[in-house]
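A short write-up of the structure that comes next.
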Protein chains: 2
Amino acid sequence: MVEHNAARLDDTFHALADPTRRAMLRSLSLHERSVGELAAPFQMSLAAASKHIKVLERAGLVRREVKGRTHVCRLDAAPLSDIQEWLRYYEQFWGERLDMLEALLRADTPTPPSAPTPRKKGRLR
Amino acid sequence: MVEHNAARLDDTFHALADPTRRAMLRSLSLHERSVGELAAPFQMSLAAASKHIKVLERAGLVRREVKGRTHVCRLDAAPLSDIQEWLRYYEQFWGERLDMLEALLRADTPTPPSAPTPRKKGRLR
DNA sequence: GTTATGTTCAACCATGGGGTTGAATATAGA
DNA sequence: TCTATATTCAACCCCATGGTTGAACATAAC
């Protein structure tokens, strides 16, 4: 129940905390791409893009196959699934919030705002 | 459809890319906590813990209410919901991967899929 | 008022991140 | 073989991050 693979989560979250890298993932979700192709949309050196790709690889989000002189990169979404798993625990909290909203919308009697609605374990989704 | 609030995602992902901060979130998911209570489990200075909390606040994951001399922190899971939203796009890929696996397991024969037949040397891709 | 408690602030340090450039490596093609 | 293409490597720069310490601030308690 406690975070088992913390370092893994560290790497994945860190990899995602950069717009360039997220854009690369998005690109890879359409086609597999060479390093050069991945780097093309960004105005940064190829070396810089290469570093980004390495960060994605370290997080397990990208796999690389060397084909002659070009390196072909493919998306591997598995770590994203791990993140979603991690997030699942917190779903109850926005679920709970939605329940409170629902309760507010449903309350035709104007309850004073100083009295917060007691949290009740609500149904999720 | 394109990432609208990239900076927001940056902050949230970055906040989550640290085990101390994730542990703090987990703690806040149980009770609201003062800064001191949040810091207690970790062997780092209070100042360091305070910085972590600030990172969480910057990402909108924690809200703080100053009550006398103690600062009470509460979880706000909304940014996590944004992340889940961002992840949703990629669900197709682990879904797709499962589909491909299923297809591989099922489609060893050139005959229609209804025939459960012994295997044949399958070329991948 | 004085003291104790809860928290931040400021300065500092070490490390790593994201960027650059220029050279090195490996392969494809003439 | 010679050259062009694809990519990495190494060195460097600047700045953010995560940690420290000691002082400052605000409030509670005596």
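Numbered from 1 within each chain, the chains take letters A, B, ... in sequence-line order.
Atoms CD (Q43(A)) and C1' (dT21(C)) sit 17 Å apart, rounded to a whole Å. The CD atom of E37(A) sits 8 Å away from the P atom of dT7(D) (whole-angstrom rounding). Whole-Å rounding puts the D18(A) CG to dC15(D) P distance at 18 Å. Separating the CG atom of D11(B) from the P atom of dT17(D) is a distance of 9 Å, rounded to the nearest angstrom. Atoms CZ (F42(B)) and C1' (dT20(D)) sit 18 Å apart, rounded to a whole Å. R21(A) has its CZ atom 9 Å from the C1' atom of dG18(C), to the nearest Å. L16(B) places its CG atom 16 Å from the C1' atom of dT17(D), with the value rounded to the nearest Å. Atom-to-atom, NE2 of H14(A) to P of dT15(C) comes out at 18 Å; the value is rounded to the nearest Å.
Not counting sequence neighbours, the partners of D10(A) by the salt bridge (Lys or Arg N to Asp or Glu O under 4.0 Å) test are R22(B). Remark: R69(B) pairs with no residue by the salt bridge (Lys or Arg N to Asp or Glu O under 4.0 Å) rule, at least two apart or across chains. Take E65(A) and apply the side-chain contact (heavy atoms from CB on, under 4.5 Å) test, not counting sequence neighbours, and it matches K67(A), R74(A). Taking the salt bridge (Lys or Arg N to Asp or Glu O under 4.0 Å) definition, one finds that E57(B) meets it with R64(B), sequence neighbours left out. For D18(A), the salt bridge (Lys or Arg N to Asp or Glu O under 4.0 Å) criterion is met by no residue, not counting sequence neighbours.
Nucleic acid contact class of T20(B) (heavy atoms, under 4.0 Å, all strands): none.
Contact check of residues 45-61 of chain A against DNA chain C (heavy atom, cut-off under 4.0 Å) returns S45(A), A47(A), A48(A), K51(A), H52(A).
For the pair C73(B)/E32(B), no side-chain contact is recorded, criterion being any heavy-atom separation below 4.5 Å from C-beta on.
For the pair R69(A) and dA4(D), the criterion of a side-chain N or O lying under 4.0 Å from OP1 or OP2 is not met.
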